[in-house]
K.L.:
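One structure, as structure tokens, below. Some questions next.
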Amino acid sequence: MTALAAVAFGANLPDLAHPTPVISLLLGALMLFFGRRLFWLLVAALGFAIGLQLAPYLSHNPPLWLSLLLSIGLGLLGALLAVMLQKLAIGIAGFLVGGRLAIAVAAALWANSAHYSVVTFVIGGIIGALLLVALFDWGLIIFSAIEGARLIASAIHLPSTGTIVLVVALALFGIVVQGAMFRR
């Protein structure tokens, strides 16, 4: 599997927050509570996260500056895409979040889920893109809360069960908070 495919499909990726836990916590909190209002931030944060995950494939044990430069570059590209091509950016963000979520759920439920990671990512991505485009506001609230919770949890070192509980609790809290703001 090529480096780009490995990043896209979530195969054996390094911990997202390893080099930058503070940035992951800040981005995660912003996405958790303000993802619907700052939808461009969701796309930028996904670009940033993919940049962090892609850096080790470009260089063995890359320096922090390379990881940050790549991450910031992809994050800015994502934000620019989100502002200029809103519908396309929404579809791409839905695909990436849906795929990442499908991989995480499959890994939690099935021991041999790695054998089907590409198929799982693509199916989850298609469902995520369709949901986000069709149900824009609520899809954005749900996906940004989930991705924000994942970013926050990745910056905190817990056992896998604790991480799952933290992601679910934070995501539900974020959905409630953003839903209350949306209803107003």
K.L.:
Under a 4.5 Å side-chain heavy-atom rule over Ile, Leu, Val, Met, Phe, Trp and Tyr, are Ile146 and Leu172 clustered together?
P.N.:
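Each belongs to a different hydrophobic cluster.
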K.L.:
Compare all side-chain heavy atoms of Ile92 with those of Leu96 and state whether any distance is below 4.5 angstrom.
P.N.:
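A side-chain contact under 4.5 Å exists here.
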K.L.:
Any chance you could lay out the side chain to side chain contact (heavy atoms under 4.5 Å, CB included) test for Val22 and Leu26, step after step, and finish with the verdict?
P.N.:
CA-CA 6 Å; Val22 173; Leu26 291 174; 4.2 Å; yes
K.L.:
What's the shortest heavy-atom distance between Ala106 and Thr120, and which atoms?
P.N.:
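Taking every non-hydrogen atom into account, CB-CG2, 3.8 Å.
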K.L.:
Just do the side chain to side chain contact (heavy atoms under 4.5 Å, CB included) check on Phe121 and Tyr116 with the steps written out, would you?
P.N.:
CA-CA 9 Å; Phe121 185 89; Tyr116 306 105; over 6 Å; no
K.L.:
Which heavy atom of Ile152 sits nearest a heavy atom of Leu170, and at what distance?
P.N.:
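Residues Ile152 and Leu170, closest heavy atoms: CG2-CD1, 3.6 Å.
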K.L.:
Within this structure, what is the CG-CD1 distance for the pair Leu132 and Ile142, rounded to the nearest 0.5 Å?
P.N.:
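Going from CG on Leu132 over to CD1 on Ile142, the span is 10.0 Å.
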K.L.:
Please find the pair of heavy atoms, one from Leu25 and one from Ala155, that lie closest to each other, and give the distance.
P.N.:
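Residues Leu25 and Ala155, closest heavy atoms: CG-CB, 3.7 Å.
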K.L.:
Apply side chain to side chain contact (heavy atoms under 4.5 Å, CB included) to residues Leu32 and Ser144 and explain how you reach the verdict.
P.N.:
CA-CA 6 Å; Leu32 186 67; Ser144 65; over 6 Å; no
K.L.:
Could you state the interatomic distance from CD1 (Ile141) to CZ (Arg37), rounded to the nearest 0.5 Å?
P.N.:
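Going from the CD1 atom of Ile141 to the CZ atom of Arg37 covers 10.0 Å.
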K.L.:
Any idea which heavy atoms bring Val133 and Gly91 closest together, and the distance?
P.N.:
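So the minimum-distance heavy-atom pair works out to CG2-CA, 4.1 Å.
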K.L.:
When clusters are formed by joining ILVMFWY residues with side-chain heavy atoms under 4.5 Å apart, either directly or through shared neighbours, do Leu131 and Leu140 land in the same one?
P.N.:
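Leu131 and Leu140: separate clusters.
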K.L.:
With rounding to the nearest 0.5 Å, note down the distance linking CG in Leu151 to CG in Leu30.
P.N.:
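CG of Leu30 is found 10.5 Å from CG of Leu151.
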K.L.:
Quick one, Glu147 and Arg100 - any side-chain contact, counting heavy atoms below 4.5 Å?
P.N.:
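In short, these two side chains touch, coming nearer than 4.5 Å.
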K.L.:
Please determine whether residues Ile164 and Leu109 belong to a single hydrophobic cluster, defined as Ile, Leu, Val, Met, Phe, Trp and Tyr linked transitively by side-chain heavy-atom distances below 4.5 Å.
P.N.:
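Different clusters: Ile164 never reaches Leu109 through Ile, Leu, Val, Met, Phe, Trp or Tyr contacts under 4.5 Å.
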K.L.:
For Val177, what residues pass the side-chain contact (heavy atoms from CB on, under 4.5 Å) criterion, not counting sequence neighbours?
P.N.:
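Expected list: Phe33, Phe173, Met181.
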K.L.:
Quick one: closest heavy-atom pair of Val167 and Ala153, and the distance?
P.N.:
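Answer, listing the atom of Val167 first, then Ala153: CG2-CB, 3.4 Å.
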K.L.:
For residues Ile126 and Val105: do they belong to one hydrophobic cluster (side chain heavy atoms under 4.5 Å, members Ile, Leu, Val, Met, Phe, Trp, Tyr)?
P.N.:
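Result: yes, single cluster for both.
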K.L.:
So, for Ala104 and Arg150, which heavy atoms are closest and what is the spacing to 0.1 Å?
P.N.:
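Heavy atoms only, the tightest pair is CB-NH1, 3.3 Å.
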K.L.:
Please report the interatomic distance CD(Gln178) to CE(Met31), rounded to the nearest 0.5 Å.
P.N.:
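Answer for the CD-CE pair, Gln178 versus Met31, is 9.5 Å.
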K.L.:
Nearest 0.5 Å please: distance from the CZ atom of Phe143 over to the CD1 atom of Ile175.
P.N.:
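Rounded to the nearest 0.5 Å, the CZ-CD1 separation comes to 10.0 Å.
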K.L.:
Let me confirm one number: the CD1-CZ distance from Ile127 to Phe95, rounded to the nearest 0.5 Å.
P.N.:
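Reported value, rounded in 0.5 Å steps: 11.0 Å.
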K.L.:
Are Leu158 and Val168 connected in the hydrophobic side-chain network, where two residues link if heavy atoms are under 4.5 Å apart?
P.N.:
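No: no chain of side-chain contacts under 4.5 Å links Leu158 to Val168.
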